[in-house]
Amino acid sequence: MTDQTKTDIVLKGIGVSPGIKIGRAYLVDGGSLETPAYCYLDTTYISSETKRFKDAVHESKDQLLKIRNKLLKDGKGKEHIRIIDAHIMMLEDKMLIDDTIKIIKKEKVNAEWAIRMVMKEIREFFDSIDDEYIRERGSDIDHICDRVLKNLMGKKHEAIAEIKEEVIVVAHDLAPTDTAQMVKGKILGFLTDIGGKTSHTAIVARSLEIPAVVGLENITQKVNAGDTLIIDGASGLVVINPSKKVIKEYEKKRGQYSDYEKLLHHYRKLPAEMQDGRRIRLMGNIEMVEEVSSILDHGADGIGLYRTEFLYLNRKDLPTEDEHFKVYKDVVEKVSPHPTIIRTLDIGGDKFLSQMELAPEMNPAMGLRAIRFCLKEPDIFKTQLKGILRASVFGNLKIMFPMISGVEELRKAKVIMEEAKEELRTQGVPFNPKIFVGAMVEVPSAAIIADILAKEVDFFSIGTNDLLQYSLAIDRVNEHVAYLYEPLHPAVLRIIKHIVDAAHNSGIAVGVCGEMAGEPEHALILLGLGLDQLSMNALSILKVKKVIRSIKYSEAKEIGEKALAFSTAQEIERFIKGEMAKRFPEEYS
Ligand code: PEP
Ligand code: MG
């Protein structure tokens, strides 16, 4: 509870969608539900508990379908319908339904308790996954189980769509069904106790451009309904009951931010061209088709990285060739005439499919991941490749393979792709036989032999997130060594330069699609190192376009050369900040 005498309580969370808003708090749900537990039920109750559970699942499905239909009718939430569909599918999931009923019968417990037990088991499975993106999909389980539990217990669901005034929503967590109903304008911003950069809530917030801070741990305990809040979605700062002085400061900041946004907006239609005419391909990264419109609205030249893992999540079966085809066709048609680069499945070991029964790994980041997994499971790989190939006739589609570590691996992947082509040919299904094939360069061995690899592909895309992890020996999800995760480490810049030179000597294009590309200061160095393409999240596109348009290639090359001569990341950072200050004094004063 807020101490009403206290003002200016500052909390820091993870800023996932930028923007500054000042408004009143609207609390949604206090947190997790207290679940009644009844054990050793008399057998006469077992069938009524089973029926109660089935009815609650039914009711939950009906509610989701209603939300889905309303969104469809309003034409507003179209982009989020896929997430709701995933939830509906989860309500049909055998593990969830059959296992809950099994527990009611075997353990003789009530429906609420049985669903909690199943939920815990599924949650533990998701929590054990190292990949942050996939781990966060576990929150979908919480959302749907919460809905079923509320229906079992006769509790009401908060209807975000019915909020009439402008508010800042504060919640333990928000289900995608909630965020999908958020109307820009009414919802000034939102704050949650849990969540991370890649949770659905964060993705939807960015695509709706609603400022949001997640991972605040206990904001729902600290805020009362009606409290005044300031939210700064870029820095992740939240101020509870700000004083007049602090409100004034933030109003000024908000004014500056909106002036900055307006200025940036001016870059939307301008080409990503340097002052001496060198054109950079400025692209967007997506995980879901819903993000395409936001990427294009921000003036991107296409999709430089489509992470296809999302298609495999929230389900027990594998996507079929037809499903792959339909989703990729949808994306490529939306992005056309610009190019779309689809990255084939980049997932680790048995982390997403329990029926694969692969051995747990001591070191999953270096284990059976990405292309290694696909080569071990050629049928899964070929199904995806055939879907991509079939979609290739509907626009400008390119394929790239993740985690390539050597030539043989690349050749093996290409052999499977040729088999996929041959099967389509035999079936008389059209595809683009000359589809471009690229390799992600994110493993040091691939970087070192970039000159050899360059002869075997049409393009390179440098995955700096992993390249840093492997070349600096820093686990990218380990907070204890996060301070060593330095994109401007001289070794990193030298490796990138080496890859760029190798690509250019072989006459192929090379881009960066890791987080580095979307950081304006890093982007300036990347331009100087000769990158042809930069791919990033929607919100970074205009900021980076501004940098591209601020400089001649000859000047950028000089900056690149100077940066390569320093001995430490700190020296390079100081140098590049100085260069940015020369070009953008208003932002670096
Ligand atoms: C990377 O490693 O830089 C990359 C873009 O891939 P991901 O972040 O999906 O591993
Ligand atoms: Mg990677």
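Counting starts at 1 for both ligands and their atoms, in listed order.
Taking a cut-off of under 4.0 Å to the non-hydrogen atoms of L305, the atoms of ligand 1 that pass are 5 (C). Which parts of ligand 1 touch G463 is read off a 4.0 Å heavy-atom cut-off, strictly below it: atoms 1 (C), 2 (O), 3 (O). Close contacts of ligand 1 with C513, meaning ligand atoms under 4.0 Å from a residue heavy atom, involve 5 (C).
Under the 4.5 Å side-chain criterion, counting only non-hydrogen atoms from C-beta, D532 is in contact with R278. E442 has its side chain within reach of P402: a pair of non-hydrogen atoms, C-beta onward, lies under 4.5 Å apart. Between M400 and I342, every side-chain heavy-atom pair lies at or beyond the 4.5 Å cut-off.
Contacts with ligand 1 closer than 4.0 Å are made by side-chain heavy atoms of R307 only, the backbone lying farther away. With a 4.0 Å cut-off on non-hydrogen atoms, L467 does not touch ligand 1 at all.
At least one heavy atom of M440 sits under 4.0 Å from some atom of ligand 1.
With respect to D466 and R369, a salt bridge is recorded, a charged nitrogen being found less than 4.0 Å from a carboxylate O.
A side-chain hydrogen bond (donor to acceptor under 3.5 Å, both in side chains) with D501 is found for one member of K497, H498, H504 and no other, namely K497.
Checked against the Mg ion (ligand 2), the N, O or S atom of D466 at the shortest distance is OD2. When the Mg ion (ligand 2) is compared with the N/O/S atoms of E442, atom OE1 turns out nearest.
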Trace of the side-chain contact (heavy atoms from CB on, under 4.5 Å) decision for K386 with F325: CA-CA 8 Å; K386 283 172 84 176; F325 164 65; over 6 Å; no
V335 and V292: CA distance, side-chain angles, deciding distance, side-chain contact (heavy atoms from CB on, under 4.5 Å) verdict: CA-CA 7 Å; V335 178; V292 169; 3.7 Å; yes
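Distance from atom 6 (O) of ligand 1 to its nearest protein heavy atom, with residue and atom name: R343 NH1, 3.0 Å.
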